[in-house]
There are 2 protein chains.
Amino acid sequence: MSGEIHSGVKLQQQRLSQMLGVSRTPLRTALANLAKEGLLRYESNRGYTVREFSRQDVVNAYAARAVLEGLAAATVARHGLSDEILNELNAMLEIGDRALSKGRLDPDDLDDYRSMNVDFHNRIVAEAQNRWVEDLVRQTQMIPFASNRMIVWQDYPVMVRSHDDHHRLVDAISKRDVTRADFLLREHIYFAGEYLAECLEDGRIPTNSSNTNKE
Amino acid sequence: MSGEIHSGVKLQQQRLSQMLGVSRTPLRTALANLAKEGLLRYESNRGYTVREFSRQDVVNAYAARAVLEGLAAATVARHGLSDEILNELNAMLEIGDRALSKGRLDPDDLDDYRSMNVDFHNRIVAEAQNRWVEDLVRQTQMIPFASNRMIVWQDYPVMVRSHDDHHRLVDAISKRDVTRADFLLREHIYFAGEYLAECLEDGRIPTNSSNTNKE
DNA sequence: TACCCCTGGTTTGGATGCAAAATGTAAATG
DNA sequence: CATTTACATTTTGCATCCAAACCAGGGGTA
């Protein structure tokens, strides 16, 4: 994830186990997990290699996430929200409002906004109560630059518009408008993917950004 | 998958390894893989248990698969198809036509139809060239009764309608009609899920059906 | 009688050793 | 000189062994 090991290189188990100070057995389960998550490529009797991700892969991951979260939003809109959760969502919206209230993007506000954003999206997905959507969304983020922790904190109007999507989404959900909720979240995420790809293209984002999805 | 081991039971590694005739090491990697696929639940230091699937889980899996394959169909429609692939799809449609040409459902035709159906859906998904969609769709099928090998071969009009969806989907894709392709496949799969759930509810399908997704 | 703690057995997790497969190298052959 | 083949080395995969964590049952105490 950090880019420390480059794409395509072969991961030798003995070397890695020595580097990490564990034996090969737990290392192999870790490698198997990462392979299942799609970060590594496994070939029988040939070991694990670091998968490479093109910009198209990032866009594709966002596209998949968009329809999945769209489904989640639609589901939540169909079922309706309890007042309690509505209040939580509104509190998150306020956090975002505060972070964007200065008329410009202050780097100090990024962390607040980011954690709000993560919570917001996770909350919607969790509320849909669809294990598969939850799992699959998590997996679309298991790729460099595709996490919902990844926020391009550079263009103020873009962020304002993006957060406005959040407002409208809560509005749509609370009004039980299924199609609008679906569309809003789909578009919200789809655009984020396209915009991110554009920024990566321009080199506006350093390849080793602190925005990568390590915990 | 076959239901041989019931939901909720704990999988003891030593017992299983003896039953399967392998040592615990490869068994543990297998268990880890199944857990990653969502079939088993893993708790640290407490081992693996067989996850249980409600009918809602099956419906949820279909719902997720519906939006993902819808995305795939939309992508293919947007990009367009080569003549070669169009011919392949048309050949599959003909296989389906033949299997349904008797005016009733003959059990002898199920296998042909089933393998055609698997190929058809896989082909669409593969053609979208989105690794994540491909992976995620595969995962939504890693649950009893949710495989695309699962076909309720009981009601003739339902099958005719379902196969007609295939025809219309190819038509929509070949005409580059993105929304129609998206909608058709979404609805096609969504309905299949609802219908299946209904049949399961009625007990029209034996719980240990030969339709489960073992290879 | 209900609850807690302690202890013995069971089960999982990790380390090590060994066989099989793959890779790289050098010699042999055309 | 290119290609192939045999061999040595590396690397993976599986079996086994040991320690640590969990579980069940019994005894003790309030």
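First the proteins, then the strands, lettered A, B, ... as listed; each starts at 1.
Side-chain atoms of B:Arg51 and B:Ile143, non-hydrogen and from C-beta on, never get closer than 4.5 Å to each other. Residues B:Leu89 and B:Arg123 meet the side-chain proximity criterion, which asks for heavy atoms closer than 4.5 Å. Using a 4.5 Å heavy-atom cutoff, the side chains of A:Ile189 and A:Val67 are not in contact. Contact annotation: the side chain of A:Val152 never approaches that of A:Val158 to less than 4.5 Å [non-hydrogen atoms, C-beta and beyond]. Taking the side chain as every heavy atom from C-beta outward, A:Glu127 and A:Ile85 approach each other to under 4.5 Å.
Chain A approaches DNA chain D over the interval D:dT11 to D:dG13, counting the first and last nucleotide 5' to 3' with an atom under 4.0 Å from its heavy atoms.
A salt bridge links B:Lys36 with A:Glu37: the closest approach of a Lys/Arg side-chain nitrogen to an acidic carboxylate oxygen falls below 4.0 angstrom.
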Quick one, B:Asp182 with B:Arg186, criterion salt bridge (Lys or Arg N to Asp or Glu O under 4.0 Å). Give me CA distance, side-chain angles, the key distance, then yes/no.
CA-CA 6 Å; B:Asp182 183 8; B:Arg186 276 225 312 257; 3.4 Å; yes
For nucleotides 9-16 of chain C, 5' to 3', base contacts (B), sugar-phosphate-only contacts (S) and non-contacts (-) with protein non-hydrogen atoms under 4.0 Å give --SBBBBB
